[in-house]
**Student:** 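Encoded as structure tokens, here's the structure I'll be asking about.
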Amino acid sequence: MIAKSLRDYRRALIWWTIGISAFLTLYLSIYENVRQDPATFNAQAMAKFPGALRDLMGGMGDLSVGAGYLQSVVYQLFVPMLFIVCATLLAHRAIAQPEEAGTLELVVTLPVDRQRLVLQRFVALAVALLAVAVVTFGVVWAVGESVQIGVPFDRMLAAQTGVFLLGLFCGTVALTVGAATGRKTIASAVVGVWVVAGYVVVTVGRSVEAISWLKWVSPFHYYTEGRPLYEGLPVGDYLVLAGATAVLVLTAVLAFDRRDIGV
Amino acid sequence: MTAVVQAEGLTKYYGKRRGLEDLTLEIQPGEIFGYLGPNGAGKTTTIRLLLDVIRPTRGLVRVLGADPREPAIRSRIGYLPGELALEGRDRARDYLRFLGRVRGGVPDARIDALAERFDADLSVPMRKLSKGNKQKVGLIQAFMHEPEFLILDEPTGGLDPLVQQEFLALVREVRTSGRTVLMSSHVLAEVESVSDRVGIVRAGRLVAVENVAALREKAVRRVELHFESPVPRAAFEDLPGVRDLRVEGASVSCTIDGRPDALIKAAARFTVVHLVSAEPDLEEIFLTYYSDEERHHDRQESA
């Protein structure tokens, strides 16, 4: 079952990997120029992203330093978002999409326990996302080396692990909502609202007293707070992400097991 | 012997909308059961309940002696969904192999043999299959693991007449090997030639279960007899089951309820030149059930 899901995902996975890799290569190769002329680029960046916008980009550290550039350009917004979209689209293919298309009906009448079915689909999602994360990490590392980004291997691995966990968490949200409701649009909406609101809370909302407490329910809090590129693997934060994912999977299993399919 | 299907007071509501109400039914091993009713009557609801795709609001259902929730029993069932959806870039053959593996292994030769009988091309990606070909793939997957119990929801939809004949032949083979079939249809003619019993469902309720042979026997049929020379009316009057008798010279016409035995014996005393007996239209009998039920229903409502 898992192998079958992965085979179905194959095409999508290849395209996502190529897309994310292309994005990474493009942005990281500019670093060469930034490093050679830091003053101009920092000034340009400041001018381009005034005030609140800079907050939205995570404050934008010194772009001429490898870790600062990598954080702002790669790990702050764009790559996590790409991973989240990729994970959400893959997660739809677990339950909600086949249910809406009507192909799930035959699958649930196979001699496979429903709880097992959800678990297998989750494992397929995790493995697929891991494959994208591993390949794109290879790209980040290789391109980073070639432009002398100067971030140690373990820090970069810690950041990439965070992207993987964040993507998996959001994908699991989509899978769980899909397993509970059978509707793709609801699943997408929940992920969309959670992600956008969660991102705003930990960036712009950081300084707004009234909403700053919301950071505790934002997945981005656990993703960025530990500053993995500067300080290495934030074990506690990542465990929270992984734990939340596990709770969601359990919810998905129980919800799907109780429900009528395709009505 | 345990019943293949055993339902007692089986009821399903979708929110407030009624899907199926108070179904009590037993299907015995080796039986071909035709499940009839117009669209939206509750046929698919019943079938989905048997397969644990949906869960009953109340009532009891057992399939092959077990709760349908037990995954293991589903490997002994072959299922053709009413609205079969097949998608993706997978070739039909690969998908069938996958289904076979999950159900505990199906030899390729068996898939090929079925494909040949139905004249199905399995090398086409599933999303490119025509409606008829999808239905063929659906039938192949339902029959290929030689299940003890076949549940076929509107199996003949989209099939051309030749393939329909092949399908009916396959159903007869299944019966010969002692296995059980439940097939739904909204047209009696599609199932009457193979079914042992038919159940008629209407507005969520099972209104009648009839033996097909008994249904035929009950059928009113029109008979015409032509003799060599004029016959006396008295010879045919007051025969059991004979009604609407008309005797005109050398010809006799009437309708008979049930067995034509008495009429034949009476006619045998004269020289019969020609005999016409119209096949009873089961569809008509079937519809009388409906209208009876409707009248009954109306009476209840007006009371």
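Every chain is numbered from 1 and lettered A, B, ... according to where its sequence line falls, protein lines coming before strand lines.
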**Student:** More than 12 foreign heavy atoms under 6.0 Å from OH of A/Tyr27: is that the case here?
**Tutor:**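 Open: at most 12 neighbouring heavy atoms sit under 6.0 Å from OH of A/Tyr27.
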**Student:** Are B/Arg74 and A/Leu110 side-chain neighbours, meaning at least one heavy-atom pair lies under 4.5 Å?
**Tutor:**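 When only atoms from C-beta onward are counted, A/Leu110 and B/Arg74 do not touch, as no gap falls below 4.5 Å.
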**Student:** Roughly how far, to the nearest 0.5 Å, is the CD atom of A/Gln97 from the CD atom of B/Glu87?
**Tutor:**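 Going from CD on B/Glu87 over to CD on A/Gln97, the span is 7.5 Å.
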**Student:** Quick one: of B/Arg89, B/Arg76, B/Arg69, who has the most non-hydrogen atom pairs under 4.5 Å with chain A?
**Tutor:**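 Result: the option with the highest number of such pairs is B/Arg89.
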**Student:** Do you know the tightest heavy-atom contact between B/Arg55 and A/Arg259?
**Tutor:**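 Scanning both residues, the minimum pair turns out to be NH1-N, 4.2 Å.
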**Student:** Before accepting this row, confirm whether a basic side-chain N of the pair A/Asp260/B/Lys12 lies closer than 4.0 Å to the acidic partner's carboxylate O.
**Tutor:**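 The answer is yes: the pair qualifies as a salt bridge.
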**Student:** Using heavy-atom distances under 4.5 Å, tell me whether B/Gln141 contacts chain A through its side chain, its backbone, both, or neither.
**Tutor:**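 For B/Gln141, the contact with chain A is made by the side chain alone.
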**Student:** For B/Tyr14, which atoms come within 4.5 Å of any heavy atom of chain A: side chain, backbone, both, or neither?
**Tutor:**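 It is the side chain, since no backbone atom gets that close.
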**Student:** What heavy-atom pair brings B/Ala85 and A/Ala101 nearest, and what distance separates the two atoms?
**Tutor:**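 Taking every non-hydrogen atom into account, CB-O, 3.2 Å.
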**Student:** Would you say A/Arg10 has more than 12 foreign heavy atoms packed within less than 6.0 Å of its CZ?
**Tutor:**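 Open.
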**Student:** Taking C-beta and beyond as the side chain, do A/Glu105 and B/Arg48 meet within less than 4.5 Å on heavy atoms?
**Tutor:**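 The answer is yes, as the side chains (C-beta and beyond) meet within the 4.5 Å cut-off.
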**Student:** Picking from A/Met1, A/Arg258, A/Arg7, A/Arg114, which has the most non-hydrogen pairs under 4.5 angstrom with chain B?
**Tutor:**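 Most pairs with chain B among the choices: A/Arg114.
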**Student:** For the pair A/Lys4 and B/Asp90, evaluate salt bridge (Lys or Arg N to Asp or Glu O under 4.0 Å) and give the outcome as yes or no after the intermediate values.
**Tutor:** CA-CA 10 Å; A/Lys4 159 87 174 141; B/Asp90 269 6; 2.5 Å; yes
**Student:** If you count heavy-atom pairs under 4.5 Å with chain A, which of B/Leu84, B/Ile73, B/Asp52 comes out on top?
**Tutor:**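 Heavy-atom pairs under 4.5 Å are most numerous for B/Asp52.
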**Student:** Please determine whether the number of non-hydrogen atoms from other residues, nucleotides or ligands lying under 6.0 Å from atom CD of B/Glu83 exceeds 12.
**Tutor:**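 No, because the 6.0 Å sphere around CD of B/Glu83 holds 12 heavy atoms or fewer from other groups.
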**Student:** Looking at A/Ile261, A/Leu106, A/Val108, A/Thr109, which one forms a side chain to side chain contact (heavy atoms under 4.5 Å, CB included) with B/Leu51?
**Tutor:**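 Going through the options one by one, the only one that passes is A/Thr109.
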**Student:** So which part of A/Asp8 gets closer than 4.5 Å to some heavy atom of chain B, the side chain, the backbone, both or neither?
**Tutor:**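 Side chain only.
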